[in-house]
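Structure, as structure tokens:
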Amino acid sequence: MVSFLKSKPAIVFIVFLCLALLYQFNSFHKEKIEPTKNGSSCSIKEPLNPNGDSELALLMREMYDTSVSLKTSITKGILPRDFPQRFRSIHSAKPTDPTVKTETFKILADEYLKGLKALSNSKKGELKTNYNESVQKCINCHEAFCPGPIKKIVKLKFTEI
Ligand code: HEC
């Protein structure tokens, strides 16, 4: 009995140690997995770090913000006339991870620019559909290269047309 009482704290201590180790292992594991899952290059960093961000990441943020304001305008039935020419620099902007600049990237980037062009030529009745299609082009590329922000991008779409 005495020895049992003596060993009880030891057991509690060992259990605690195991839990702590398990926790440690889990967070270690997570750190290891995260970059491959989301692509180390494409997390949505908050707060933003202007020194560490690639040209492409900065352009993407601008594209995201432009999409938000486009959506607001389209809700009011207005389409800003100026096609954002600077988004063409999606081809030349340096990414965090240089290996993303493949032939597939090029094709998907052109698809996106085409979608934007189609949107800028839309009739009033087609605005929401064409806007959603242009957002889908963002998602298509993200599925291939950078799944991290997809959840956020999907929210840009109109759910009712
Ligand atoms: C042709 C491929 C492609 C298209 C099209 C594309 N993206 Fe991206 N996006 C990327 C890649 C690659 C990154 C990673 C950039 C980096 O870190 O260098 C990225 C990063 C991002 C990020 C994270 C930026 C950050 O803070 O690090 C957001 C948000 C984003 N894109 C939104 C969008 C939106 C919105 C659109 C459409 C309007 C879009 N993307 C279209 C490939 C694409």
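First listed ligand is number 1; within each ligand, the first listed atom is number 1.
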> Are Ile90 and Met63 side-chain neighbours, meaning at least one heavy-atom pair lies under 4.5 Å?
Replying inline: yes
>> Any non-hydrogen side-chain atom of Leu156 less than 4.5 Å from a side-chain atom of Tyr64?
In response: yes
> Counting heavy atoms only, which of Leu56, Val135, Thr99, Asp65 comes nearest to atom 15 (C) of ligand 1?
Replying inline: Leu56
>> Measuring from atom 40 (N) of ligand 1, which candidate in Arg61, Glu62, Glu111, His142 has the nearest non-hydrogen atom?
In response: His142
Under 4.0 Å, heavy atoms only, figure out whether ligand 1 is touched by the backbone of [X], its side chain, both or neither.
{"X": "Ala109", "result": "both"}
{"X": "Cys146", "result": "side chain"}
{"X": "Cys138", "result": "both"}

> Is atom 8 (Fe) of ligand 1 under 2.8 Å from any N, O or S atom of Cys141?
Replying inline: no
> Does any N, O or S atom of Met60, backbone or side chain, fall under 2.8 Å from atom 8 (Fe) of ligand 1?
Replying inline: yes
List every atom of ligand 1 that sits less than 4.0 Å from any heavy atom of [X], numbering the atoms from 1 in the order shown and giving each element.
{"X": "Ser67", "value": "38 (C)"}
{"X": "Pro95", "value": "18 (O)"}
{"X": "Phe105", "value": "1 (C), 2 (C)"}
{"X": "Tyr112", "value": "5 (C), 37 (C), 38 (C)"}

> Hey, what's the ring geometry for Phe105 with Phe145, parallel, tilted or perpendicular (30° and 60° as the breaks)?
Replying inline: perpendicular
> Is there a chain of hydrophobic side chains (I, L, V, M, F, W, Y, each step under 4.5 Å between heavy atoms) that links Ile107 to Met60?
Replying inline: no
> Is there a path of hydrophobic side-chain contacts, each under 4.5 Å between heavy atoms of I, L, V, M, F, W or Y residues, that connects Val135 with Val68?
Replying inline: yes
>> Can you see whether Phe158 has Lys71 sitting over its ring - NZ or CZ less than 6.0 Å from the centre and within 45° of the normal?
In response: yes
>> Looking only at distances, can you tell me whether any N or O atom of Ser54, backbone or side chain, sits closer than 3.5 Å to an N or O atom of ligand 1?
In response: yes
>> With nothing but distance in play, are any N or O atoms of Thr96 less than 3.5 Å from an N or O of ligand 1?
In response: yes
> Can we say Glu160 and Lys128 salt-bridge, meaning some charged N sits less than 4.0 Å from an Asp/Glu carboxylate O?
Replying inline: no
>> side chain to side chain donor-acceptor pair (under 3.5 Å), that's the test. Do Gln136 and Asn132 meet it? Break it down for me.
In response: CA-CA 6 Å; Gln136 186 55 46; Asn132 271 9; over 6 Å; no
>> Can you list everything that forms a side chain to side chain donor-acceptor pair (under 3.5 Å) with Lys106? Sequence neighbours excluded, please.
In response: none
